[in-house]
Undergrad: 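Could you have a look at this structure, given as structure tokens, before my questions?
Given the structure is predicted, the values throughout are model-derived calculations rather than measurements.
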Amino acid sequence: MTQSLTQGLTRRKTILATAGTMLALLLAALDQTIVGTAIPRIVADLNGLDRLAWVTTAYLVTSTTMTPIAGKLGDLFGRKPFLLVGMIGFVIASAFCGLAQDMTQLIVFRGIQGLFGGVLFATVFTVIGDLFPPEQRGRAQGLFGAVFGLSSIVGPTAGGFITDHWSWRWVFEVNIPVGIIAVAVVLAGLPYVRSKASWRDIDFVGAFTLAAGVVPLLIALTITRDHAWTSPEVMELLALAVVMLVAFVFVESRVKQPIVPLHLFKNATFSVSMVVGFLTAFGMFGSILFTPLVFQGVLGISATNSGALITPMMFGLLGASTATGFVMRRIKYYRFLGTFGVAVMIFGMWLLSQITPSTPEWHVVADLIVVGLGLGTTFPLYLTAVQVALPRQFMGVASSQIQFWRNLGGTVGSAILGAVLANRLPDYLATRVTRLHLPPALLNSLPKGGSANSILDPTLLAKLPPVFVHAIRAALADTLHDIYLFAGLVLVAALVSTVFMKEVPLTSAPRGAGFGEAAPVDEDVREEREPVPA
């Protein structure tokens, strides 16, 4: 385990370390939003429309799989080496993405980029726990949340500008100067903590079985956009995932330094935080993923303006995240902040489910702000609680597991909610059109396939009578009504789960536990931490 070289950091070092870590997060977070606007130009240049989805899927699969592995390795060998390796590898992979000559090369390099992105996400939030005492982490996480918000707001605009004025390749190359600055700041500010661990402590079998289980699971879920859930491709991948994940659990229960110590799930704070993180991802992706369909499909707003209208949700998220960081250390039963936050999300989902083609734009924006406020409450709350509830030597595992379960929940939610969209939309469309009593000749102009993209083609819609277009928008509103209600029902399970979390006092580590050192268990919280001994 890591041992401290210092008993603390100077203010200057702390500021430098925080700035470098925030730049590392910006590097990974910005890449997730800046690339999307360049996709059409990439497809046109590399001529790979049939493999378009894999540009995103490759990054998602590798980054999600790497996150828990990197979290454990950071606990064993210290955070600074992995933060540096993650940034340097991410920058190099970005450069290769920009140099890709065909779609296959781009997909491979995006997968490699995702590996290092997973290292960054696992390490960044753990460093917060190293740099700040528990009573200050909520505020720090508000700052780091602002980085996510900044990337969500700036990324799409910056991606469009770079693509239009330079080249889509610079969407990847722009990571190089940001990465160089981040590496320099981290080298100067973040201390290195020596480790007594060796390569023999690495759970290679656990890492392999975890990857062999998570990769087919994520691929199976992502290809449900083009394949039925009962198709051989999906079923075979899911079967392989189940077998390998069972093998992973078997391995983890028998090794000395498991990637995911299973006994951590006996701790109520840890297990509830994972469940809530997984389930709230349904709400997050339900609102973010399908909101463009609300603006463009139901309300008929242009793609450019619809992107700008999603921005207020991020401000709501950031505001709630920052406020929660301040409030949670001032109240005794802070677990009910999570209950309140999830309840607000459920209310936001209900508001979104009431949208019709006649709903004003400002009403939808207000609904999204409500969802953002609820979601923002959960971010610093459960990350801080988990970091405090476990001994310091599990800091990386705890922080990376939060990210892993959120990513997994978002992927599962996207697949299931996408299936609801694909199954319900054709029926609602047929019902709405039938009510119009249109002539058979006009009915033949009904868009085929029933997918959201096919029925929202601007060129096609311009050729249809207004009454027919209204029926299409109403059918999409009916479908989104079901999607948001379904996401709300999943959040009800999250709401119930929040009540079972146990508070751990948000107190500083005892004297003598410096940067990166395993802190002894305080007597006043021993009962909470007993299931996860050091």
Side-chain angles (χ1 to χ4, degrees), residues 1-2 28 54 57-79 81-83 85-86 88-90 92-93 107-123 126 195-223 233-265 270 274 278 393-412:
M1 296 300 169
T2 56
W54 285 100
T57 300
Y59 185 94
L60 169 70
V61 170
T62 54
S63 62
T64 303
T65 304
M66 191 64 194
T67 297
I69 298 173
K72 177 60 180 182
L73 295 178
D75 282 339
L76 287 174
F77 300 103
R79 246 67 77 178
F82 285 93
L83 195 58
V85 168
I88 294 171
F90 194 89
I92 294 174
I107 292 170
V108 171
F109 294 142
R110 280 287 283 172
I112 296 173
Q113 191 183 35
L115 289 174
F116 294 105
V119 173
L120 290 178
F121 279 119
T123 308
T126 310
S195 170
K196 293 182 178 179
S198 71
W199 65 270
R200 297 181 182 86
D201 295 311
I202 301 175
D203 178 16
F204 289 104
V205 178
F208 171 78
T209 52
L210 176 63
V214 171
V215 169
L217 173 63
L218 293 176
I219 292 176
L221 292 172
T222 52
I223 68 173
E233 295 86 352
V234 173
M235 297 301 293
E236 289 171 4
L237 286 169
L238 290 177
L240 175 61
V242 170
V243 171
M244 297 310 300
L245 290 176
V246 170
F248 171 72
V249 172
F250 178 83
V251 170
E252 296 301 272
S253 63
R254 286 163 174 76
V255 296
K256 183 178 180 181
Q257 293 288 349
I259 296 293
V260 182
L262 299 180
H263 63 269
L264 295 183
F265 288 94
F270 179 84
M274 301 307 118
F278 178 88
Q393 63 263 36
F394 295 115
M395 182 81 74
V397 169
S399 303
S400 63
Q401 282 293 298
I402 286 277
Q403 304 305 317
F404 173 77
W405 285 101
R406 280 176 179 164
N407 287 347
L408 191 60
T411 305
V412 173

Undergrad: Could you list the donor-acceptor pairs under 3.5 angstrom formed between side-chain atoms of residues 204-216 and any protein atom two or more places apart in sequence or on another chain?
TA:
from, atom 1, to, atom 2, distance (Å)
T209, OG1, V205, O, 3.0
T209, OG1, G206, O, 3.1

Undergrad: Test of understanding: with ring-ring contact (aromatic ring centres under 6.0 Å, His included), list the residues that count as partners of F270, not counting sequence neighbours.
TA: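 Per chain and number, F270 pairs via ring-ring contact (aromatic ring centres under 6.0 Å, His included) with F265.
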Undergrad: In Å, rounded to the nearest 0.5 Å, how long is the span from CD of Q401 to CG of L408?
TA: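 Reported value, rounded in 0.5 Å steps: 10.0 Å.
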Undergrad: At what distance, to the nearest 0.5 angstrom, does CD1 of I202 lie from CD of Q257?
TA: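 Here the interatomic distance stands at 10.5 Å.
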Undergrad: With a 3.5 Å cut-off and sequence neighbours excluded, list the donor-acceptor pairs that the side chains of residues 110-120 form with protein atoms.
TA:
from, atom 1, to, atom 2, distance (Å)
R110, NE, V55, O, 3.2
R110, NH1, D31, OD2, 2.6
R110, NH1, Q113, OE1, 2.8
Q113, NE2, D31, OD1, 3.3
Q113, NE2, S94, OG, 2.7

Undergrad: Testing the basics here: between A220 and L237, what is the closest heavy-atom pair and its distance to 0.1 Å?
TA: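 In terms of heavy atoms, the two residues are closest at CB-CB, 3.7 Å.
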Undergrad: Should V397 and P261 count as side-chain neighbours, where that means a heavy-atom distance under 4.5 Å?
TA: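 Contact flag for V397/P261 side chains = yes.
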Undergrad: Please check this pair: side chain of R79 against backbone of T123, looking for a donor-acceptor N/O pair closer than 3.5 Å.
TA: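 No; zero donor-acceptor contacts below 3.5 Å.
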Undergrad: Sequence neighbours left out, what passes side chain to side chain donor-acceptor pair (under 3.5 Å) with R406? Give chain and number order.
TA: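 If we apply the side chain to side chain donor-acceptor pair (under 3.5 Å) test to R406, skipping adjacent residues, there are no hits.
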Undergrad: How long is the straight-line distance from OG of S63 back to CZ of F404, given to the nearest 0.5 Å?
TA: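 Going from the CZ atom of F404 to the OG atom of S63 covers 11.0 Å.
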Undergrad: Once you round to the nearest 0.5 Å, how far does OG of S399 lie from CG of D75?
TA: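 CG of D75 is found 8.0 Å from OG of S399.
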Undergrad: Taking C-beta and beyond as the side chain, do D203 and K72 meet within less than 4.5 Å on heavy atoms?
TA: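 Side chain of D203 against side chain of K72, heavy atoms only: no contact under 4.5 Å found.
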Undergrad: For F82, give me all partners under ring-ring contact (aromatic ring centres under 6.0 Å, His included), at least two apart in sequence or on another chain.
TA: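 F82 satisfies ring-ring contact (aromatic ring centres under 6.0 Å, His included) with no other residue.
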Undergrad: For E233, enumerate each residue passing the side-chain contact (heavy atoms from CB on, under 4.5 Å) test, keeping only those at least two apart in sequence or located in another chain.
TA: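 With neighbours one apart ignored, the set is I223, H227, S231.
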Undergrad: I'd like to know if the side chain of N407 reaches the main chain of T64, judged simply by a donor and an acceptor atom lying under 3.5 Å from each other, with no hydrogens or angles considered.
TA: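 No.
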Undergrad: If the condition is side chain to side chain donor-acceptor pair (under 3.5 Å), which residues does T65 pass it with, not counting sequence neighbours?
TA: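 T65 satisfies side chain to side chain donor-acceptor pair (under 3.5 Å) with no other residue.
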Undergrad: Report all side-chain donor-acceptor pairs from residues 245-252 shorter than 3.5 Å, counting only partners two or more places apart or in another chain.
TA:
from, atom 1, to, atom 2, distance (Å)
E252, OE1, I259, N, 2.7
E252, OE1, V260, N, 2.9

Undergrad: I need the full list of salt bridge (charged side-chain N to carboxylate O under 4.0 Å, His left out) pairs touching residues 57-69, with sequence neighbours left out, sorted by first then second residue.
TA: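 Residue pairs with at least one partner in residues 57-69: there are none.
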Undergrad: For A122 and T67, which heavy atoms make the closest approach, and how far apart are they?
TA: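 Smallest heavy-atom distance, with atoms named: CB-O, 3.2 Å.
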Undergrad: Tell me, please, which residues at least two apart from L221 pass side-chain contact (heavy atoms from CB on, under 4.5 Å).
TA: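 Checked L221 against side-chain contact (heavy atoms from CB on, under 4.5 Å); matches are L217, W229, T411, V412, A415.
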